[in-house]
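Input: a single structure, listed below in structure tokens.
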Amino acid sequence: QVQLVESGGGLVQAGGSLRLSCAASGRTFSTYTMGWFRQAPGKEREFVAAILWSGGSINYADSVKGRFTISRDNAKNTVYLQMSSLKPEDTAVYYCAASPYGRPSEYTRAYAYWGQGTQVTVSS
């Protein structure tokens with residue numbers, strides 16, 4: 001079992017930055033691929049970024065490439081999402097998720113554990 005708790009969301013102006021954190025419980029955190037997803041009102045949950053357990057493979061959605069950076073600290077059982085050059089269309093609830101599979105998948109079905117989400121609002 002892995003429990004995930006996101007933090008770091010908030011209100012920011014367009015062009016600003018935020019860093020989201022996801023703290024995981026459980027001794028096996030370092031074996032999981034970790035992902036970030038987001039869901040805007042009235043829309044389906046969509047992939048943002050994912051990182052392999054070792055950090056050796058990373059995957060980003062095209063919409064955030066060059067603006068967002070995913071990273072992890074296995075010693076702290078934490079995964080991060082650094083978001084820069086934020087746009088109003090980045091407004092959503094952001095979720096972190098843990099996958100037992102050995103690839104940074106963009107599919108929600110690959111992830112077994114989910115956090116409760118943190119709201120990010122970008123004003124224009």
Worksheet item: Would a 4.5 Å heavy-atom cut-off, applied to side chains only, mark Q116 and Y95 as touching?
Response: no

Item to complete: With the side chain counted from C-beta on, respond yes when F68 and Q82 share a heavy-atom pair under 4.5 Å apart, and no when they do not.
Response: no

Discussion item. Assess the residue pair K87 and D90 against the criterion (salt bridge (Lys or Arg N to Asp or Glu O under 4.0 Å)); give the C-alpha distance rounded to whole Å, side-chain angles, the decisive distance to 0.1 Å, and a yes or no.
Written reply: CA-CA 5 Å; K87 305 174 181 180; D90 293 318; over 6 Å; no

Cluster overlap [X] with [Y], hydrophobic side-chain contacts below 4.5 Å:
X: Y101; Y: W36; answer: no
X: F29; Y: F37; answer: no
X: V64; Y: I58; answer: yes

Side-chain donor-acceptor pairs of residues 40-53 under 3.5 Å, sequence neighbours excluded:
{"from": "R45", "atom 1": "NE", "to": "Q39", "atom 2": "OE1", "distance (Å)": "3.4"}
{"from": "R45", "atom 1": "NH2", "to": "Q39", "atom 2": "OE1", "distance (Å)": "3.4"}
{"from": "E46", "atom 1": "OE2", "to": "R38", "atom 2": "NE", "distance (Å)": "2.6"}
{"from": "E46", "atom 1": "OE2", "to": "R38", "atom 2": "NH2", "distance (Å)": "3.1"}

Fill in: Straight-line distance of C96 SG to M34 CE, nearest 0.5 Å
4.5 Å

Worksheet entry | CD on E89 to OG on S124, rounded to 0.5 Å | 10.0 Å

Discussion item. When you measure from the centre of the six-membered ring of Y32, is the NZ or CZ of R72 closer than 6.0 Å and no more than 45° off the axis?
Written reply: no

Item to complete: Identify, with sequence neighbours excluded, every residue that meets side chain to side chain contact (heavy atoms under 4.5 Å, CB included) alongside Q119.
Response: T91, V93, T121

Practice prompt. Using the test side chain to side chain contact (heavy atoms under 4.5 Å, CB included), find all partners of S105 that sit at least two apart in sequence or belong to another chain.
Written response: R103, Y107, A110, Y111

Worksheet item: Does the pair Y113 and Q1 meet the rule for a side chain to side chain contact (heavy atoms under 4.5 Å, CB included), with working shown?
Response: CA-CA 8 Å; Y113 303 101; Q1 283 280 353; 3.5 Å; yes

Name the atoms and distances for all side-chain donor-acceptor pairs under 3.5 Å in residues 7-25, with sequence neighbours left out.
{"from": "S25", "atom 1": "OG", "to": "Q3", "atom 2": "N", "distance (Å)": "3.1"}

Discussion item. Holding to side chain to side chain donor-acceptor pair (under 3.5 Å), I want the full list of residues that pass it with D73, two or more places apart in sequence or in another chain.
Written reply: none

Practice prompt. Have a look at V79 and tell me which of N74, I70, T33, L4 forms a side-chain contact (heavy atoms from CB on, under 4.5 Å) with it.
Written response: I70

Discussion item. Applying side chain to side chain contact (heavy atoms under 4.5 Å, CB included) to R67 and M83, what does each step give before you reach the verdict?
Written reply: CA-CA 6 Å; R67 300 188 299 122; M83 306 185 294; over 6 Å; no

Worksheet item: Who passes ring pair (Phe, Tyr, Trp, His ring centres under 6.0 Å) against Y80, sequence neighbours left out?
Response: none

